[in-house]
Amino acid sequence: MSFLRALLRHSSGRIGAIIIAVFAVAAILGLAGLTPHDPLAQDRLARLQAPGARYWMGTDLFGRDILSRLMVGIGQSFAVALLSVGLATSVGTVLGLTAAWFGRLWDGAVMRAMDVLLSFPAILLALLIVAIMGPGLVTSVVAIAIVYTPIFTRVVRGPALSLKTRSFVDAARTFGSSRRYILTRHLLANLVAPLTVQITLALAWALLTEAALSFLGLGAQPPNPSLGLMLSDSRNLMESAPWMLVFPALVIMLAVLGFNLLGDALRDLFDPRTRRALA
Amino acid sequence: MNYVLRRLLMFPLVMLGVSVFVFVAIRLVPGDAITAMLGTESGLLTPAQRESLAAYFGLDQNWAVQYWRWLGGLVQGDLGLSVTYGQPVSQIIAERFPLTLELALLSMVIALLIGLPAGVFAATRAERPSDLIVRVFAMIGQSTPNFVVALLAIYVLSVGFGTLPTMGRFVPLTEDPLGNLAQLILPALALGTAFAAAVTRIARAAMLDILSEDYVRTARSKGFSQGYVIWRHALPNALIPVVTLSGVEFGYLLGGAVIVEQIFALPGVGRVVLDAILQRDYALVQGVVLFIAFNFLLVNLLVDLAYAALDPRIRYGAS
Amino acid sequence: MTLLSVEDLRVGFGRTGRETEVVHGVSFDVAAGETLAIVGESGSGKSVTAMAVNRLIDYGGGRILGGRAIYDGRIDVAAATEAEMQRLRGREIGMIFQEPMTALNPVLKVGTQIGEIFRKQHGMSGRAVRQASVRALDRVRIPDAARRLDQAPHQMSGGMLQRVMIAMALAGEPRLLIADEPTTALDVTIQAQIMALLAELQRETGTGLIFITHDIGLVAGLADRVLVMQGGKAVESGPIDRVLDRPSHDYTRHLLNAVPHFRAGQAVRTDGVRDGRAPALDVRDLAVRFPVGGGFLRRTRGEVHAVDGVSFDLVPGETLGIVGESGSGKSTTARAILNLVQPSAGAIDTEGRTAVQMVFQNPNASLNPRMDVRALLAEPVIAAGQRVDDAVVGRMRALLARVDLPDDLDRFPHEFSGGQRQRLCIARALMLNPRVLVLDEAVSALDVSVQAKVLDLLVDLQREFGLAYLFVSHDMAVVERIAHRIAVLYAGRIVEMGAARAVLSDPRHPYTRKLISAVPSIERRRIDYALDTEEVPSLLRPVGFQTPAQVWRQIGPDHRVASEQTA
Amino acid sequence: MTIARTLVSTIAIGASLGLSAPLAAQTLNVAWSQDATGLDPHTQTAFASIRLLELLYEPLVRLGPDLEIQPALAESWEFSDDATTLTFNLDPEATFHDGSPVTAGDVKASFERILDEATGASARANYASITSIETPDDHTVVFQLDGPNVPILNGMASVNAAIVPAKAIEAGTVGTEVMGSGPFTLEQRTPNANASLAVFEDWHGGDIAYDGIDISVLPDETAILAALRAGQADFAFLSDPLVATLVPRDEGLTLNAAPTLDYHVLQLNASREPMGELKVRQAISCALDRQDILDAALLGEGEVTGPLTSPAYRNDPFSLFCYEQDQERARQLLAEAGYEDGFSATIMAANGEPPTAAAEAQLIQSQLAEVGIDLSIEMQEMNVYVDSWLAGDFDMAVALNGGRADPYTMYNRYWTKDGNLQNVANYIDDTLDTLMQEGRVETDEEARKEIFAEFERHLAEMAPWVWLYTGYTYTAQREGVQGFEATPTGSLFGLVDVTLAE
């Protein structure tokens, strides 16, 4: 609770938290079907309508409500981001922890494999995986998870290696504590802070990657709304229907911004140096 | 062991891993290779013809043999033949890659030219209004995907100025450097925005850390001015994380090129790879992806070497 | 002639207008050629005072809130502009910092960092800069100065770097030199060398020197005047002899009496019992070797013989102090006994796995910050496969009381002070009723007055539980207070061992002698430290190398020394 | 005639304006969004390929702006009275790009290649009635037909029946090296990026007023518009009405919209349930509001049409089965077929080909949902789409299929029993087959129109596919580009008549 209060006292933390909270509400409403209009319903009489009283953010080529579509799109983006980052975090944490703890061959094997994955530009790797699995939301989750697993592996392994040499781990070993006890109570518990920061930032990247994939037509398939797809639909219409470009663009920017701000704030709060300065 | 030598030795090893990964990954893509290769004509093949074709392309062998052959060709610079282009993959790369590289490098230069001074400036004015403005811009820049920047730029140009970026026929650098630059500047800006923002942020953070380091205090105790202390003592240290970032970000630039080339209709390798993946052009995907990874790794190797040049602790292997 | 006159100096930190004052009106004078020692523990404001004198405090978020600091009778530092200060710094006021490893820019060559002073402050250029730099290094007795100029800081040892730091501070030919704990990070023999150098250079140049330290013993041999600080105030000041011999303030007396000072064997414990009881710990021919990797293909190039044939035993109720400098193998020995490093050879006999417990140097690092007191104390119990029941919780409370900690199991480590944390570590080590405690630099990270209290606690506990202590430390004064017997470790081997009084008062091995003579002491005032640039020999040996066996010479009933070998 | 016209007009302009030959080479910069997928004129079906190949290769005859048959490689031609023999006289001036003359032997070899099943020629079925090819001399070719077949002449007016050198066929280089007899030679080509064409100076068809064409492939039509605005392209081919309608906003640009023969269609796969049920197909036809789809997807840029799109054979589409949306009837038909609760199926569409495909799929999805049919959309890349399409591997497909001037040529590939795309249509109907055969042999124009009107009526009622509408093909040009005449086939062959202002 005091942590939350500290977060809200932090200026960028406050802004980030508000943005994410608003978007989360929109996302939940969107996924629960509580949108102002049916996001798939085509209003033949209201095609390409500018924002107005009935359609607050206007309609698209088919007369579908952009606000409703954005809400569902945010919901899907958030779901993809959360699932993929969750997956990447779990796998990356296990790999990073064990690599750091066992060292030698296992460490070498894991880290070289991660090097290989990291040798591909993220989008390219995601594209390859989408090609293998076929486009769709599940694929997006898996692709983004695979892209970010090496990052989490590294994020965990580095501090885990240094934690491993800390005296309290030495102390635990002198007591004869079990490996599992040491890995969870001593290493993992102390990785919560860097992991939280990393997860928040990774959520921002995952949103970006998801949007990029669907922008290329490889994410959610039409007519399902997705932020990237809505943007790419706007390309040939931006002169006559700029709201089709502006609103999805703003939503992507703000969502990513929210997570970035939150991540920055968390990093500040977890960093003993800045914590002292903030106190 | 010597750091530089170790990096050099790691390079082919990781490359080998990358080649295996690409090879296997593309073979996991659903769809028969022959069908993908012949398209409409494949329906007319008799089973015997199909077998002989498979033998011709070496697809009758198991993956290990296929891989070994591919690797053999690779070593001689033979990346195979693209089915969709009917050209050697190496030729397609030779024609298309310079543009992508130029785009990525231009973005990088722009990002560093904007980001470094902005970051250093903000750090020296920490917590003052000018710092805040830089940080807000950097934060927004980092949060805006390149395709949004690209689309918004096109939109602003077309609606605000009634014009559009010059996208038409691509002018190679060798033909008309100025025309080329005019064509690439907007895509490079779109691609480089997030990178510039990241450089700003990391340069600021590094600079802030460094300004409180003991050795900066030492330099001050020698009676040097703020400008000299920053330029001569702080900046070389602040460059180290920026160089690291540049290596990582180069990958994002290469990847981002896929999208930006698509939006700005630039005939670079990014567009090729997207098409090739979508059209299951095995040899082309293998070749181009491997080549991109190769360049990414190469840049990271250069970054590692730059590291060694910047930081003697790494050069001589600190304990 | 007064060089610097500080009057009622007040310094604060924080936002303008809302500063927290940490130095509350300090006054002192320094004359040319004079050495003023400012003594205090952490938080006393001694470093802040020093930094305020050349206004480097401005760059650390601090501000001079009041008072004056007249330099050379002409300029008030407290009111000077930054431009004026830049003219003073380096040229008039030089500074030497505590950590030579971090005080030098890691990415610039040593020559560059010295040369820039000649370039910027003396307007030299070209070859003249290099020649001046070589002379500067020669002056601080750095051998092979020309070659050193092209090295990066990390290629040099801490002692060498501190010499470079001094060379840099002197390069501007300042009239006032501020040295902020310049030897704290260094081994005691290196410390002696640096002190000697400073003293000699000060005589040569006639510079005024402000020497800041936590160790009142260290300045006994150097300072003309002493200023004792506590809580941001000057509690006592005066000529060195007067303050040391007739302290007027309680705190000064506390620093002089309660704090361990080296007394060459006169302060050793006398409650030793070594009556043929069975040893609680018996170490024979312990060797630890680390392979030195060949890198890529992991071909072993050689082995570092970190510990090389160490034997000793320890009976209940007894403390064996293992002393030595960094790289001597003393910590590795301790870790090998707890099996934290794998011994390469030798035997370690104990009474079961939980019979030996360890207390580590840094109490901050040896307590998991995410665990509360209950979890911390429970860990050894859980590890031993026991249930954490009421009896265990009872023992927790009893031990907390015994080590003078509040009876609160829900606190987290960050809620304790450094000394309290070390008490918590001791309580944790005692949870399983061990026979032997290995204390690895267990009080080194603590403030001097806290050190004394923890040492007292350790002695009490030893008597109460009949514990055997293996006390590993670089600090001779601390070891003198707690050890019954002492083993001197040098380059991985014990070179001298015996009853504490015998070894400390009558050292026989050349290294032991050098070590003991380097230890600062209140008794020794204004003495000349010998200059010596010898360094510890390399312990890297070819694979399979067998160090020849040591030849021991018995000096007294419990005092023996290894013969000098030329291996 | 063409030669004369081109020659005269060139001379006339040159003389009247007193222009000397331009010093600098004049190049026409052309931009389009889809590149050719291959260079073998006989096997390529994609419009994008045809568009390019028509500038490089020539058939015996070609269609003019009003779909009248014009001479190409053949100077003249003649049916025997019973319409079973077709004789062509080749233009003796005609040469391939390497200078060798186009001979009757080349014609024979080309058609033999087209007729060889192994070639996989796309229009093979159109020429199936050829029984033998005779070459009495170098400039005369005689086709013997297995019966009267008037439409075959129309069928030959396609670059899919281009004449290639016999020696290229022997060498197996057709498709890898361009050796045609068309007005342009291919100088350089980077697939999906650009191509350079040079005027073939010895073209038998006459002189061309400029020196060559530079083609840029800009996959994004917005980019093409930008290129036009920036003057980087002089002439562009556009297919996205959303972009095309923006062209006239610029003063210096002209948009030409020409109605096209190509038709947007919802293909149903009758070999899959429940599309095998007539009533289900009819229900789908009734459920759709064609004009509404046209209005949304093409911004109304087109005309609702029945299966016949050629101006001469068009009928009022609203006389056809269920061309007015009737959801009630649709539900009733579904109920009768036993699908009162609707059903689920997938609908396949290609990414960007046509650009409206995704929109059409979504509109169809939305409209069919109103009668209880639940469609899921599968967007595929063009060549993946084509693979599935050729294999008949889909439930429903959004397609833009090519039209021909003659209904028989246009549809015999789908709706005759031995049509070579019969497995794409997947629907066999004796009535359709019979009507096709009748139309093939009938030489009386009025009677043919009757036959095909009946064919169209039956096709719409059986609804194996649901025809939607035709769009426009658009070309846009900058000021100074003159003389281009569009055709309903979307051909860019008219570029040979273009002149460029300085």
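Chain letters run A, B, ... following the sequence lines, proteins first and then strands; every chain starts at 1.
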Give the interface residues of [range] toward chain C, defined by a heavy-atom separation under 4.5 Å.
{"range": "residues 106-124 of chain A", "value": "none"}
{"range": "residues 141-158 of chain A", "value": "none"}
{"range": "residues 167-189 of chain A", "value": "A:Ser167, A:Phe168, A:Asp170, A:Ala171, A:Ala172, A:Arg173, A:Thr174, A:Phe175, A:Gly176, A:Ser177, A:Tyr181, A:Arg185, A:His186, A:Ala189"}

request  = Would you mind checking which part of C:Leu367 comes under 4.5 Å of any heavy atom in chain A, side chain (CB onward), backbone (N, CA, C, O), both or neither?
outcome  =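 Answer is backbone: N, CA, C or O of C:Leu367 sit under 4.5 Å from chain A.
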request  = Tell me the residues of residues 368-377 of chain C whose non-hydrogen atoms fall below 4.5 Å from those of chain A, in number order.
outcome  =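 Residues of residues 368-377 of chain C touching chain A at under 4.5 Å: C:Asn368, C:Pro369, C:Arg370, C:Met371, C:Ala375.
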inquiry  = Looking only at heavy atoms and a cut-off of under 4.5 Å, which of C:Glu379, C:Gln357, C:Arg335, C:Gln361 has the most pairs with chain A?
reply    =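 Of C:Glu379, C:Gln357, C:Arg335, C:Gln361, C:Glu379 has the most heavy-atom pairs under 4.5 Å with chain A.
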